[in-house]
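Indexing begins at 1, ligand by ligand and atom by atom, following the structure's order. Everything numeric in this text was worked out from a predicted model, so none of it was measured. Computed from heavy atoms alone, side chains included, the values below leave out hydrogens, waters and symmetry copies.
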Amino acid sequence: MEIHLASMENITCWAFRSLMQGVTDSYTGMISMGYLLERNKAWKEVDFFPINGQRQWLQVLTSKEKECADFLKRVNEKLSTSQTLALGGKASSNEKLGEEPEKDNCHGIQLNCSCPSPMIIKIGQGSALIKRPLKVASLVKELLKQDKYKVSVKTRLGLNSFEVRERRIFKLLEELEKIKNPNFTEVVVHFKHGKENSDTLYDYSTLKEICDYNIPIVLNGGINSYRDYNNIIKTIPKRKNIKGLMIGREVLKNPDCFVEVSNMLNCTLFKNRSFEEINAEFKKLCEEHMPREIYLERIKNSCVWNK
Ligand SMILES: Cc1cc2nc3c(=O)[nH]c(=O)nc-3n(C[C@H](O)[C@H](O)[C@H](O)COP(=O)(O)O)c2cc1C
């Protein structure tokens with residue numbers, strides 16, 4: 001079972017991601033694709049140094065196919081080792097080293113269709129995309145015009161309660177289901193709409209229907225333990241499409257929240273650490289690859305264990 005550490009802007013840097021035991025998949029915070037194309041500085045956030053046992057994902061914001069195409073070229077120029085990135089279905093003979101080949105550990109690209117920020121919605125990105133299934137499918141297809149990176153989508157149930165009533169997510173899943181490329185690996189569903197605040201309770205009542213689509217699903221929202229996960233899935237008769245779960249805010253309280261989940265679901269033997277041990281390990285990881293100051297500040301302010 002896949003166990004995902006959620007994308008958290010200005011928090012999930014390499015050192016933070018590396019700290020987690022039992023995580024199979026982790027993400028950078030959301031990064032604007034336009035920003036990655038325009039500013040070299042933005043690549044500091046793309047910190048895919050190796051992490052044993054974790055698949056690392058780059059989460060991007062965009063609503064433009066042209067940006068996706070340009071981005072694929074740029075990512076190759078930046079990260080490529082001697083591996084070939086087949087662009088547009090044709091193997092390119094790029095045997096050149098990229099600018100930062102030590103970061104060539106990106107497993108996949110995730111399209112963010114979930115960010116509820118008004119600024120992002122205003123420019124048609126994040127959760128503004130949920131009601132545009134054809135656009136999302138077209139962006140995904142553009143990102144799939146290479147054979148090195150997997151592609152996934154993170155979505156909410158809708159932009160607002162109206163879109164939930166209008167069953168927008170089902171139209172989106174219907175369109176995504178048509179993409180038969182095996183490199184399109186999953187849809188992460190954050191079980192809230194974009195206007196619900198962090199205290200609103202999660203509503204998993206649509207999960208049974210979501211599982212009927214032929215798409216692997218990762219569950220996200222309010223899952224803090226193995227028990228929470230079990231309570232959600234126990235009422236679902238057809239679980240074959242549930243590929244995993246994703247945890248976000250609980251990690252800020254306890255980075256070892258994955259330990260029990262992993263030991264129960266994946267038969268691992270991880271052990272819980274004290275906050276002192278976690279802090280010491282985090283410090284060491286930061287020395288190895290120092291995150292930007294904003295990450296250190298955010299982590300200090302949001303994480304009870306990082307004092
Ligand atoms: C501080 C913070 C930053 C976040 N940044 C992002 C982000 O960059 N991209 C994203 O898809 N979700 C982001 N999220 C949402 C989380 O990935 C996750 O979907 C949400 O917290 C629900 O999961 P949880 O109930 O386990 O926390 C953020 C959440 C928090 C608390």
Side chains of N266 and T268: any donor to acceptor distance under 3.5 Å? no
Just checking, any donor-acceptor pair under 3.5 angstrom between side chains of S152 and E186? no
State if [X] counts as touching ligand 1 under the rule of any non-hydrogen atom under 4.0 Å.
{"X": "C115", "answer": "no"}
{"X": "Y27", "answer": "no"}
{"X": "E250", "answer": "no"}

What protein heavy atom sits nearest [atom], and how far away is it?
{"atom": "atom 5 (N) of ligand 1", "result": "E9 N, 2.9 Å"}
{"atom": "atom 9 (N) of ligand 1", "result": "Q59 OE1, 2.9 Å"}
{"atom": "atom 8 (O) of ligand 1", "result": "M30 N, 3.0 Å"}
{"atom": "atom 7 (C) of ligand 1", "result": "S7 OG, 3.3 Å"}
{"atom": "atom 29 (C) of ligand 1", "result": "M8 CG, 3.9 Å"}

What are the atoms of ligand 1, with element, lying closer than 4.0 Å to any heavy atom of [X]?
{"X": "N112", "result": "9 (N), 10 (C), 11 (O)"}
{"X": "K154", "result": "10 (C), 11 (O), 12 (N), 15 (C), 16 (C), 17 (O), 18 (C), 19 (O)"}
{"X": "I247", "result": "26 (O)"}
{"X": "H190", "result": "19 (O), 20 (C), 22 (C)"}
{"X": "S114", "result": "11 (O)"}
{"X": "G248", "result": "24 (P), 26 (O), 27 (O)"}
{"X": "R249", "result": "21 (O), 24 (P), 25 (O), 26 (O), 27 (O), 31 (C)"}
{"X": "G222", "result": "24 (P), 25 (O)"}

Which of these, N301, I31, V188, I11, has its nearest heavy atom closest to atom 1 (C) of ligand 1? I11
Using heavy-atom distances, let me know which of L219, N10, N220, T28 sits nearest atom 18 (C) of ligand 1. N220
Indicate yes or no for a side-chain donor-acceptor contact from [X] to the backbone of [Y] under 3.5 Å, with no hydrogens or angles considered.
{"X": "K192", "Y": "N197", "value": "yes"}
{"X": "K103", "Y": "K78", "value": "no"}
{"X": "D256", "Y": "V259", "value": "no"}
{"X": "E45", "Y": "M30", "value": "no"}

Under a 4.0 Å threshold between the charged nitrogen and the carboxylate oxygen, would [Y] count as salt-bridged to [X]?
{"X": "E277", "Y": "K271", "answer": "no"}
{"X": "E250", "Y": "K253", "answer": "yes"}
{"X": "D212", "Y": "K208", "answer": "no"}

Other residues, nucleotides and ligands only: do more than 12 of their heavy atoms fall within 6.0 Å of CZ on R74? yes
Give yes or no for whether the N/O distance cutoff of 3.5 Å, strictly under, is met between I223 and ligand 1. no
Looking at ligand 1, does any of its N/O atoms fall within less than 3.5 Å of an N/O of M246? no
For the residue pair F191 and Y202, is the inter-centroid distance of their aromatic rings smaller than 6.0 Å? no
Which of D47, T12, T28, D25 passes side chain to side chain donor-acceptor pair (under 3.5 Å) with R17? It is D47
